[in-house]
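Working notes, beginning with the structure itself.
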There are 2 protein chains.
Amino acid sequence: MAVRLAEVAAEAGVSAATASRVLNGSSRRPAEEIAERVRAAAERLGYYPNAQAQALARSSASLVGLIVHDIADPYFSTIARGVQERLSGSGIQVMLASTGRDSALELEAVRSFMSHRTDAILLAGSRGLSDDEELVVALERYQGSGGRVVMIGQPLDLAGGIHLDNRGAAAALAAELLAAGHRRFAVLAGDPALITAAERVAGFVERLAEEGIEPLLVSEGVFTRDGGHDDMSRLLEAGALDLDSGQVCVFCANDVMALGAMTAIREHGLAVPSDVAVAGFDDIPTLGDMVPSVTTVRLPLEEIGRQAADFVLSEVDETYRESVRGEPVLRESTAVRS
Amino acid sequence: MAVRLAEVAAEAGVSAATASRVLNGSSRRPAEEIAERVRAAAERLGYYPNAQAQALARSSASLVGLIVHDIADPYFSTIARGVQERLSGSGIQVMLASTGRDSALELEAVRSFMSHRTDAILLAGSRGLSDDEELVVALERYQGSGGRVVMIGQPLDLAGGIHLDNRGAAAALAAELLAAGHRRFAVLAGDPALITAAERVAGFVERLAEEGIEPLLVSEGVFTRDGGHDDMSRLLEAGALDLDSGQVCVFCANDVMALGAMTAIREHGLAVPSDVAVAGFDDIPTLGDMVPSVTTVRLPLEEIGRQAADFVLSEVDETYRESVRGEPVLRESTAVRS
DNA sequence: CTGAAAGCGCTTACAG
DNA sequence: CTGAAAGCGCTTACAG
C-alpha cells in the first residue's frame, strides 16, 4: 500500500541499506551527494518509514503506555498533559488506556502494552494494587523482560515512581485550618479502599489529634461529586453536625466531593462558610471561580506527569521514588465565622 | 528478551505455524489436544505476542491515533473518554497526541501516526485547517494508502466525521434567552480565527437578528478562562454595557470564558444575573455546582467520542458526516431581572 | 489437520 | 563509503 524503503532505494539508485542510513539515522553517514538523492526520492515518493518494521528490526518500539482510571477526570487528564508535553519531540509515542477503575480492563491494558513492547508503563490512579495478584505478576514479567514500570501517586513494592505526599499535605491543610481558628471538624472520607482517599483522611485526622482534637465524625462514601453531595445531605438531614453548637469545618477527600457537598449545604438552606466551612483537595481548575472560592490542596499535577515522563527519558534507578508535596490554599469557603 | 512464539512451539512440540494458529486466532483450528498443549506451554513460559511482528505480518496494526489540542481541557478529555470506551475490548489501541494548538506538532503527530500505520486518525479541535497545506497533503497521502481520517467538530473537505452544530445550538440558545425575556445582549466571542468560536457567535447573532435585535457589542479576545475574565473587565471599566439602561445578557463562546467573566463581574461589585446575565457553551462538569448555576449549551461530548470510534469500527463511507446538536440548558445565571 | 517456507519492511553487523 | 544478506517475530498461502 504505502511506499517502502526498497522503492525509495530503487528510485535513488542505491541499496536499501544506504537509503536506511540516510533516512532513519545511523552512525554511518553516506556521502552528501548520495544522501541528497535519497532524500529527494523519499520526498518525491512520499515515503514514511513503517514504525512496526523499525521496531522489529531495532527491538525497540519507542512507545510508552499510560494507564489512568478516567481520562476525563481533571486529575488524570492534567497528568496526561504533563506526560505528553515532556515526551513531545522525543520520538516516543503515548498509548493511552482509560480503565474506569475496572481491574480486568487494567490487566488487559498492561498485557496489550506488553505486547506492543512499550519501553515503559506509567500507572496513575489509586487502588489496593498489591492485592491484584495477576496485575503484579504481569508487571513483574514486564520488568523481567526489560520494561520499566512507573507508578504515579500510588505505591507498589516492585516499582518506583512519583510519590504524592497525600498524608503530609492533608496534615498541612489541617494545620492551616487550625491556625485559622477552626476547632470543630468533620470528614467526608470517600472510599477508604482507595489508598489516596485513605491517606488524605489519615493525614488530616492525625494532625488534628496532635492538637488533641477529634473530628465529630468521619463519613465514608463515594469518591465523586455525587458522593460528596449525598454524604453531606445525609449528615445534614440526620443533624449529625450539631450546627447549633457552632460552625463545623468539613474536609472532603477531593474537590469534586467538596463541590457536591457545598451544593447539598445550600439545598438545606445553610450557608458556606458561615454555617458549614468546606475544604477539598486537588485544586481543580474551576475552583477559584466558585462563590465562595474553595479552600483546597494544590497538587502540581502537570509537573507530576512531566516527572513521570522523565523516568522514561533518563534511565534512573528502577525503584527510585520522587516525592511530590501538595500545598494548602486557603480561600473563602473556610473563613471562620466571627 | 521476551518469550517468542518459536519457544512456545518447541516447548509444546509443534511448529510455529500451529502455535500461531492456536494462540492468535485463525480460521484453521488445530485439534483440541494439541491446542491445549500449546496453551499450557504459552502460559508456562509467559508468552505475549509481539504486536509489532504481528502488525508487520498482518499488514494491520490495530491502532488508532487521536489528536487533540489539549488533553487537559474537559472538552477534549471527555471526547477522549468516549473514544476509549467504545474501543475498549475491540483490540484496538489508542495513540494520543496533545498538540497545544501548535500546527507543527500536529503535523508531526500525523506523520508519526502514519508511520505507525494506524487504521485511522481522529482529529479533534478547531482551526482553519484547510489553510494548513502540509497537513492536508499528509492526510491525503494517508487516505491514499488506506488510512481513515475522522474529523471531530471541524470540517475538512477531504474527510467525514462528526459535525457539531455549533451554529444551530447557539441559535437555539439565543431563542431561549429571547423567550425568557432578554432583549439587550453582548457577546464575548473569543478568537474569531477558531472555527468553533466563530460559528457559535454567528449562530447566536443571526438568531437575534431574526428578532430584529442587534447585540450592543461583540468583543473579540482569547478562548480561555482568562480571556473571558479580561474581556469582561475591560468592558465594565469602559462602561461599554450601559448597565444603567438595564440588565444585559452576555453570551460567552465557551463555559470557561463565562466563568472568568462572572468572576470579573463580581470583582466590579456587580451581581450575576441581576446586573449582568451570563451564558456559556459546552456544559463542563462543575457548572451545575456554581452559584448561581450557569446557563449553557450541553454538548454530548462523550457520545461524540463514541461515534468517532464507530467510524473506525464500522467501515462507513469515507466522507460520511454525522451531525450532532447541542441542547440549551437555562439556569440561574440568566434569570431576567424582575 | 500440521508443517516448511516465504514474506511483512526495516536495520545492522559483516565484507568488500 | 556502500551493498548483500541475515535477522527481528510473527502469519499465511501452499503442500503434504
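Residue numbering restarts at 1 for every chain, and letters A, B, ... go by the order of the sequence lines. Quick note: numbers below take in every heavy atom, side chains included, and nothing from hydrogens, waters or symmetry partners.
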message: I'd like to check the salt bridge (charged side-chain N to carboxylate O under 4.0 Å, His left out) partners of A:Arg81; sequence neighbours left out, ordered by chain and number.
response: A:Glu302, B:Asp70
- prompt: CD of A:Glu33 versus C1' of D:dT2: gap in Å, rounded?
  reply: 13 Å
- prompt: Can you tell me how far the CG atom of A:Leu23 sits from the OH atom of A:Tyr48, to the nearest 0.5 Å?
  reply: 11.5 Å
task: Please round to the nearest 0.5 Å and tell me the distance separating atom OG1 of A:Thr118 and atom CD of B:Gln93.
output: 10.0 Å
- request: To the nearest Å, give me how far apart CZ (A:Arg4) and P (C:dG9) are.
  value: 5 Å
query: Between C:dT2, D:dT2, D:dC10, which one does the side chain of A:Ile34 approach most closely?
result: D:dT2
statement: Rounded to the nearest 0.5 Å, the CD1 atom of A:Ile162 sits from the OG atom of A:Ser323 at a distance of 9.5 Å
message: Looking at C:dA4, I'd like to know if its phosphate oxygens (OP1 or OP2) sit under 4.0 Å from a side-chain N or O belonging to B:Ser15.
response: no
task: Using the P atom as the reference point in each nucleotide, state the distance between C:dC10 and C:dC14 in Å, no decimals.
output: 24 Å
query: Tell me: CG of A:Asn50 to P of C:dG7, nearest whole Å?
result: 18 Å
query: Rounded to whole angstrom units, what separation is found between the CD atom of A:Gln52 and the P atom of C:dT11?
result: 13 Å
query: Can you name the side-chain hydrogen bond (donor to acceptor under 3.5 Å, both in side chains) partners of B:Ser115, sequence neighbours left out?
result: none
message: Whether B:Tyr48 contacts D:dC10 is assessed here as follows: a side-chain N or O lying under 4.0 Å from the phosphate OP1 or OP2. Is that the case?
response: no
task: Would you kindly give the CE-to-P distance between B:Met114 and C:dG9, to the nearest whole Å?
output: 15 Å
query: With nearest nucleotides of DNA chain D determined for B:Leu56 and B:Ala17 from heavy-atom distances, which residue corresponds to the more 5′ nucleotide?
result: B:Leu56
task: To the nearest Å, give me how far apart CD (A:Gln54) and P (D:dG7) are.
output: 21 Å
message: Show me the dot-bracket string of DNA chain D, counting Watson-Crick or G-U pairs under 3.5 Å, with | for pairs to another strand and [ ] for crossing ones.
response: |||.||||||||.|||
query: Between A:Leu5 (CG) and C:dT11 (C1'), how many Å, whole number?
result: 9 Å
message: Does C:dT11 have its OP1 or OP2 closer than 4.0 Å to a side-chain nitrogen or oxygen of A:Ser20?
response: yes
